Trainee: 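The structure follows.
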Amino acid sequence: MSEPTLEFEDLKLAYMVRGTAREVLRGVSFAIQAGEAYGLVGESGCGKSTAAYAAIRSLPRNARVLSGAVRLAGRDVLSLKKNELRDLRANTVSMVYQDPSQALNPTIRVGPQLIESFTVMGVDKHEALKRSTAILHKVQIADPDVVMDRFPHQLSGGMQQRVVIAMALACDPKLLILDEPTTGLDVTVEAEVLDLIRNIRTEYGTSVLFISHNLSVVRSICDKVGVLYAGKLVEEGSAQNVFEHAVHPYTIGLLKCLPTHGLRKDAQRLSTIPGFLPSLGADLPTCVFVERCSFADETCTTEVPLWRSLGTSSVRCHHAEKVAGSPAENEIAGVSVEINRKIKPILELVNVSKSFHQGGQSFKAVQDVSLSLYAGETLGLVGESGSGKTTLAHTLLGLHAADAGGKILCDGKELLPGRRRRTLEQIRAIQIVFQNPDSALNRRRSVRKIITRTLRHLARVTPEEIESRLRSVIAAVRLTEGHLDMRPGQLSGGLKQRVAIARAYAGQPRVMVCDEPTSSLDVSVQAAILNLLADIQRESNTSYLFISHDLRVVRYLSDRIAVLYLGRIMEVGPAERVFDGPHHPYTEALLSAVTSTTGSTTSRIKLEGEIPSSMSPPSGCVFHTRCPRRLEGDICSTVEPPLMATPDGGVMRCHIPFEKLGGRV
C-alpha cells in the first residue's frame, strides 16, 4: 500500500489549564489513504476538531503534544519549521470550516478574496483571475463573474460554502479537511455540497477528513469511519460496517438516538445515551466509556480494553462480541396528545404577508399565508433557506409588523402588528426558542437570573411564587438546582438549550416557536431535547411551531407539516401523508435529498438553480422555474395555482391533480 496522505500515530495532546495538563487526545491512531474519505464522528467535546487542527498544527498556545506523531504527505507536521509549515498549508492541505460566512471577509467582494488564494502562491493577477473563474465553474457556480462581483452576504449559504471550497481547492491540495461543512444548510444545498465533494475526489484524487455530528451525511460520503469518545478511538471500520454492524456500545448508542424509519413521538421515545461526556482532562485509567455503558462490569473498571479486530472492524471494548450479538433493548412507547380540531385553534394566521424595502424597491418575503395551530399540536414548517420560515416566525412573534390586510389571532383575539403594541399577556402567550443558545443567553447572568427575569416580567407574582415556579420550570426541563447558579459558559450545548427552553416555558406560553432548536447539537443531545419537547407538550398541552431543515426531526415531532417556498404555502397536511405522499413536487424534491445511515439510496431530484429572489419572483407558479414536473404549455409559467383542499383536510398549491402526484420517495 502507498504512503498515507494523513497518518496519526498514537498522538497524545493536552491543553494547559492553570498549569495543569488536561489530556484531550489520548493516543489517537488512524490513517487516510490517497483518494480516501475518512469520517470522524462523536459527540461535541470528544476531540474531533482538535484532531483536525493537529493535522495542520494550527493549535492554541496552551496546547501541548505529549507524544506521538502526525504525518501529512510523508512529512512530520509536528517537527516542521515555520516556513516549512507555511509551505505545507499553502500547497498540500486545505480546511473548510462549519460557517462559511465566518471564513469570508464581509467587507471585501468575493472576487478579490478568491484571487488572493492564487496570488499568495506566486500567480500573477491576470492568471489568478482566469483560474478563479475556472475554479468557480468546477464547484458548479454557473455565473462566476456575477458571483465574484458580490459581497458574501449577497450569496446564499450554499453558494458561500461553494466559494469557500473553491478557495480551498486553489492549491490543488492532497488533503481536504471538512469540519461540519453542511451544518445549518438545508437538505437540497447539503446534497449539492456532498455531490461537489464526491466530484472533487473523483477529479483530483483528493483525500478527505470529514468531521460531522450528522451521521447520515458521514455514511453517504465516507469510505471509512472512526468513532471518537473522550479523545480515544473506540471503533473504526468501513462506513458500511460501522453503520450497519456496529460493535461498540457507544457507536450503537449514537445510531439509536436518530429518529429514523418514520419514527414518531406518539409511537416511541428516542433512545438517549445516559450521563455526560467526561470533562476536559478527566482521569480515565481504563475504559473511557465505562461510566455510561450498560454492558460495563468489574473488568471494565480495572483493565484497559485493547484495540483489536472484530470481523472487518476494529474496536476497543471488552465485551464487543456480546454487544454485537445482544438483542435490541426494549423500546419505550411514546405518548400521544389528543388534538381536538372541532374547537377553535389556539393560533390562526389569515392571509398574513410581510413586505420589506430594499434599494428603493418593496418586496414580499411572506405572502398570504394562512395557517392554524391547535392545542397540544406541533406544526412543522419546512422549506429551503430563503423560503420565509424565520420571517414568518418573527412576524408571528411581533418582531416584524405584518402587512395590513392579514390577521394573527391567539385564542380568538387579534394580535396587533409589532411586539410593542401587544399586551404582556399576548407576549407571554407566544415565546421562541432560537437555534443557537450561545447567542440567545446572556453569558453574564446565572441560569437562575435568566429564568426568573422571565417570571418577573411576564407573570406578576410574589417572590415566593417566583421561587416555587422556578423549581417547577427547572424540573420540567430536567435541570437540577445545581445548575441554577451556573452561567451559560459553564454548561454543555444541550444544557444551554434546556435553559433556553426553560426561559421560554417559564412564561407559561400557549405557543412555542422552535426555530432550528437542535440543528447545532450532536445526535445524543438532540434526542434528549426532542424527548423533552414531547414531554413538555404532553404535560402542559403547549403547541409548537417547529422550524427545521432536518426532515427526520420534523417528522418525529410534528402532527402536521406546512411546506413554504418563496414565502408561499405549497402544501399543508398530516405528517404521514406529506412524507409518504402524494407530495407536492417541491416536497418530493426535498425528501429525495435526505441522506440515510442505512446506505439506502433514492434517486435524488435535483432542483435547477437557486431559489429565486423575493424581489423578482417568477410569474405563474413561483416554483415552475425549478420544477422537474412542470406541465407542457404555459399554464405553470403564467397562471398561479390556487390552494386546493386535499382529501385529508390539508391544502396544496399545484396545477397537477392531487391523485396524479407521486407517493413515497
Side-chain angles (χ1 to χ4, degrees), residues 30 32-33 35-44 46 48 52 96 98 176-202 207-229 233-263 270-271 273 311-315 324 328 518-519 521-524 526-527 549-553 555-556 590-604 665:
F30 67 87
I32 305 177
Q33 304 300 325
E36 183 178 58
Y38 187 98
L40 202 56
V41 303
E43 293 170 286
S44 297
C46 68
K48 304 187 300 295
V96 175
Q98 174 176 340
L176 185 62
I177 300 175
L178 300 159
D179 190 0
E180 300 279 6
T182 61
T183 298
L185 302 180
D186 56 64
V187 289
T188 54
V189 177
E190 175 185 87
E192 290 171 4
V193 170
L194 295 180
D195 282 346
L196 173 60
I197 295 168
R198 293 185 188 97
N199 293 339
I200 289 169
R201 289 182 58 201
T202 301
S207 301
V208 174
L209 174 59
F210 195 99
I211 296 170
S212 181
H213 64 248
N214 189 327
L215 302 183
S216 300
V217 167
V218 172
R219 172 68 175 92
S220 70
I221 200 73
C222 295
D223 306 303
K224 200 172 181 180
V225 174
V227 183
L228 200 63
Y229 182 82
L233 274 180
V234 295
E235 183 168 359
E236 184 185 63
S238 70
Q240 179 178 351
N241 285 328
V242 169
F243 283 102
E244 296 179 18
H245 308 289
V247 291
H248 194 281
Y250 179 57
T251 312
I252 293 172
L254 289 176
L255 293 171
K256 290 182 68 175
C257 291
L258 295 172
T260 54
H261 310 302
L263 194 63
L270 294 172
S271 295
I273 301 175
T312 54
S313 295
S314 297
V315 65
T518 63
S519 66
L521 305 177
D522 52 60
V523 291
S524 57
Q526 173 185 272
H549 288 136
D550 191 329
L551 299 183
R552 289 173 296 259
V553 167
R555 182 169 196 174
Y556 174 76
L590 292 179
L591 293 172
S592 74
V594 177
T595 54
S596 169
T597 56
T598 63
S600 60
T601 57
T602 57
S603 178
R604 182 163 74 85
V665 177

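Everything numeric in this text was worked out from a predicted model, so none of it was measured.
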Trainee: So which pairs with a foot in residues 178-193 pass salt bridge (Lys or Arg N to Asp or Glu O under 4.0 Å), sequence neighbours left out?
Mentor: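 Every salt bridge (Lys or Arg N to Asp or Glu O under 4.0 Å) pair that includes a residue of residues 178-193, provided the two are not neighbours, is Arg162-Glu192.
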Trainee: In a check of side-chain contact (heavy atoms from CB on, under 4.5 Å) between Val96 and each of Ile197, Ile177, Leu178, Val193, which one passes?
Mentor: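 It is Leu178; the other options fail the test.
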Trainee: For Ala527, enumerate each residue passing the side chain to side chain contact (heavy atoms under 4.5 Å, CB included) test, keeping only those at least two apart in sequence or located in another chain.
Mentor: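 Result, side chain to side chain contact (heavy atoms under 4.5 Å, CB included) vs Ala527: Cys257, Leu270, Thr272.
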Trainee: Give me the atom names and distance for the closest heavy-atom approach of Val218 to Ser212.
Mentor: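 So the minimum-distance heavy-atom pair works out to CG2-CB, 3.9 Å.
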Trainee: Looking at Leu176, Leu194, Leu40, which one forms a side-chain contact (heavy atoms from CB on, under 4.5 Å) with Phe210?
Mentor: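 In the set Leu176, Leu194, Leu40, the residue that makes a side-chain contact (heavy atoms from CB on, under 4.5 Å) with Phe210 is Leu194.
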Trainee: Who passes side chain to side chain donor-acceptor pair (under 3.5 Å) against Arg552, sequence neighbours left out?
Mentor: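 Arg552: no side chain to side chain donor-acceptor pair (under 3.5 Å) contacts found.
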Trainee: Tell me the closest heavy-atom pair linking Gly237 and Val242, and the distance in Å.
Mentor: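 In this case the closest contact between Gly237 and Val242 is N-CG2, 3.6 Å.
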Trainee: Whether the side chain of Glu235 engages the backbone of Ala246 through a donor-acceptor N/O pair (distance < 3.5 Å, no angle test) should be reported.
Mentor: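 No, the answer is negative, given that no donor and acceptor are paired below the 3.5 Å cut-off.
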Trainee: Does Thr188 use its side chain to pair, donor to acceptor, with the backbone of Leu590 at less than 3.5 Å?
Mentor: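 Not at all, since once roles are kept as given, no pair shorter than 3.5 Å links the two residues.
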Trainee: If we only count heavy atoms from C-beta on, is the Glu236 to His248 side-chain gap below 4.5 Å?
Mentor: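 Sidechains of His248 and Glu236: no contact.
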Trainee: For Tyr38 versus Leu233, what's the shortest heavy-atom pair and its separation?
Mentor: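 Answer, listing the atom of Tyr38 first, then Leu233: OH-CD1, 4.0 Å.
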Trainee: Restricting to non-hydrogen atoms, name the atom on Ile32 and the atom on Ser207 that form the minimum distance, rounded to 0.1 Å.
Mentor: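 Distance-wise, the nearest heavy atoms are CG2-CB, 4.0 Å.
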Trainee: Are Pro259 and Gln526 side-chain neighbours, meaning at least one heavy-atom pair lies under 4.5 Å?
Mentor: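 Yes, side chains in contact.
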Trainee: How would you list, by chain and number, every residue that makes a side chain to side chain donor-acceptor pair (under 3.5 Å) with Ser519, sequence neighbours excluded?
Mentor: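 Ser519: side chain to side chain donor-acceptor pair (under 3.5 Å) contacts with Gln435.
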Trainee: Tell me every residue that passes side chain to side chain donor-acceptor pair (under 3.5 Å) with Asn199, counting only those two or more places apart in sequence or in another chain.
Mentor: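 Applying side chain to side chain donor-acceptor pair (under 3.5 Å) to Asn199 gives none.
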Trainee: By ring-ring contact (aromatic ring centres under 6.0 Å, His included), which residues pair with Tyr229, not counting sequence neighbours?
Mentor: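 Tyr250, Phe289.
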Trainee: Out of curiosity, Leu254 CG to Ser271 OG, how far, rounded to the nearest 0.5 Å?
Mentor: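 If I round to the nearest 0.5 Å, the distance is 11.5 Å.
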Trainee: Please name all residues satisfying side chain to side chain donor-acceptor pair (under 3.5 Å) with Asp550, sequence neighbours left out, ordered by chain then number.
Mentor: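 Asp550: no side chain to side chain donor-acceptor pair (under 3.5 Å) contacts found.
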Trainee: Within this structure, what is the CD1-OG distance for the pair Ile221 and Ser216, rounded to the nearest 0.5 Å?
Mentor: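 That separation rounds to 13.0 Å.
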Trainee: Would you say that Lys48 contacts Asp522 through its side chain, given a criterion of any heavy-atom pair below 4.5 Å between the two side chains?
Mentor: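 The answer is no, as the side chains (C-beta and beyond) never meet within the 4.5 Å cut-off.
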Trainee: Using the test salt bridge (Lys or Arg N to Asp or Glu O under 4.0 Å), find all partners of Glu43 that sit at least two apart in sequence or belong to another chain.
Mentor: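 Glu43: salt bridge (Lys or Arg N to Asp or Glu O under 4.0 Å) contacts with Arg292.
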Trainee: With sequence neighbours left out, write down each residue that passes side chain to side chain contact (heavy atoms under 4.5 Å, CB included) with Ser238, or none if nothing qualifies.
Mentor: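 By the side chain to side chain contact (heavy atoms under 4.5 Å, CB included) rule, Ser238 matches Gln240, Asn241.
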Trainee: Search all heavy atoms of Gly35 against all heavy atoms of Asp223 and return the closest pair with its distance.
Mentor: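 That closest heavy-atom pairing would be O-OD2, 4.3 Å.
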Trainee: For His549 and Val187, work out which heavy atoms get closest and say how close.
Mentor: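 Answer, listing the atom of His549 first, then Val187: O-CG1, 3.4 Å.
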Trainee: Restricting to salt bridge (Lys or Arg N to Asp or Glu O under 4.0 Å), what partner residues turn up for Asp195, sequence neighbours left out?
Mentor: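 Arg198, Arg604, Lys606.
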